[in-house]
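Notes follow the structure.
Quick caveat, the model's predicted, so the values are computed rather than measured.
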Amino acid sequence: MLKDKLSHSKNELHWCKTVTATEAPSTGVDLKGFTSATIIAAIGAMTNAANSPVPSWTLTLQESDDNSSFSNVADADVLCTYGNNDGSVTAGVFATCDAADEDNAIYTCAYIGSKRYIKVNATAADTPGATPISVV
């Protein structure tokens, strides 16, 4: 029984790199044959976390029917789990890392929308510096 459930899942690395500025992948992850997705984002240490104004990373989940025109996921189509700042979603933003105690952390959410493709953008503000980020 468990084997049947596991056969209906797949793991796909969306992107993984050390970024210094906004990262907006041009293509998304294909959800064909699936009804939902779990997004796991790991944010490493922000190089400039002690700067003023405080630098930040904002993680935004987007969706698309055609893998080229993406828009932010509606709040009702994102389920956040424990650890995502205050647990709320606004215009697809499921995590904001804007304090020294919020980096070196993992942020997760679930997509329950109906579009075929999803992607995660990481938006930099106030020069966070080289930050390793991975999205699966």
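Interatomic distance, NZ of K119 versus NE2 of H14, reported as 7.0 Å (0.5 Å rounding). Here the straight-line distance linking atom SG of C97 with atom CG of D103 works out to 5.0 Å at 0.5 Å rounding.
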*Please test I106 against I40 for side chain to side chain contact (heavy atoms under 4.5 Å, CB included), starting from the C-alpha separation and ending with a verdict.*
CA-CA 7 Å; I106 295 175; I40 303 168; 3.7 Å; yes
Practice prompt. Quick one: do V135 and I39 satisfy side chain to side chain contact (heavy atoms under 4.5 Å, CB included)? Show the steps, please.
Written response: CA-CA 7 Å; V135 179; I39 295 85; 4.1 Å; yes
Exercise for the section: Could you walk me through whether S64 and R116 pass side chain to side chain contact (heavy atoms under 4.5 Å, CB included), step by step? Expected result: CA-CA 6 Å; S64 171; R116 181 169 171 178; over 6 Å; no
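Put simply, the side chain of I43 does not reach to within 4.5 Å of the side chain of N104, judged on heavy atoms. Residues F94 and V120 form a side-chain contact, since some pair of their non-hydrogen atoms from C-beta on lies under 4.5 Å apart.
Annotation: side-chain contact (heavy atoms from CB on, under 4.5 Å) contacts of N11 (sequence neighbours excluded): none. Under the side-chain hydrogen bond (donor to acceptor under 3.5 Å, both in side chains) criterion, N48 pairs with no residue at all, not counting sequence neighbours. Taking D126 as the reference, nothing meets the salt bridge (charged side-chain N to carboxylate O under 4.0 Å, His left out) condition, with sequence neighbours excluded. Every salt bridge (charged side-chain N to carboxylate O under 4.0 Å, His left out) that K115 has, sequence neighbours left out, goes to D65.
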In a table with atom names and distances, give each donor-acceptor pair under 3.5 Å that connects a side chain of residues 49-58 to protein atoms at least two apart or in another chain.
{"unit_1": "W57", "atom_1": "NE1", "unit_2": "T131", "atom_2": "OG1", "d": "3.0"}

May I have the list of side-chain donor-acceptor pairs in residues 72-80 shorter than 3.5 Å, sequence neighbours left out?
{"unit_1": "N72", "atom_1": "OD1", "unit_2": "Q62", "atom_2": "NE2", "d": "2.9"}
{"unit_1": "N72", "atom_1": "ND2", "unit_2": "A91", "atom_2": "O", "d": "3.0"}
{"unit_1": "D75", "atom_1": "OD1", "unit_2": "A91", "atom_2": "N", "d": "2.8"}

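The hydrophobic cluster containing L61 does not contain Y117, counting ILVMFWY residues as joined when their side-chain heavy atoms lie under 4.5 angstrom apart, directly or transitively. Criterion: ILVMFWY side-chain heavy atoms under 4.5 Å apart, direct or through other members. Under it, V29 and L59 are part of a common hydrophobic cluster. Side-chain heavy atoms closer than 4.5 Å link hydrophobic residues (I, L, V, M, F, W, Y) into clusters, and following such links, even through other members, never connects V136 to Y107.
With 3.5 Å as the limit, one finds a donor-acceptor pair spanning the side chains of E63 and Y111. Between T96 and D98, the side chains place no donor N or O within less than 3.5 Å of an acceptor N or O (distance only, hydrogens not considered).
Scanning both residues, A122 and I133, for their nearest heavy atoms gives CB-CD1, 4.2 Å.
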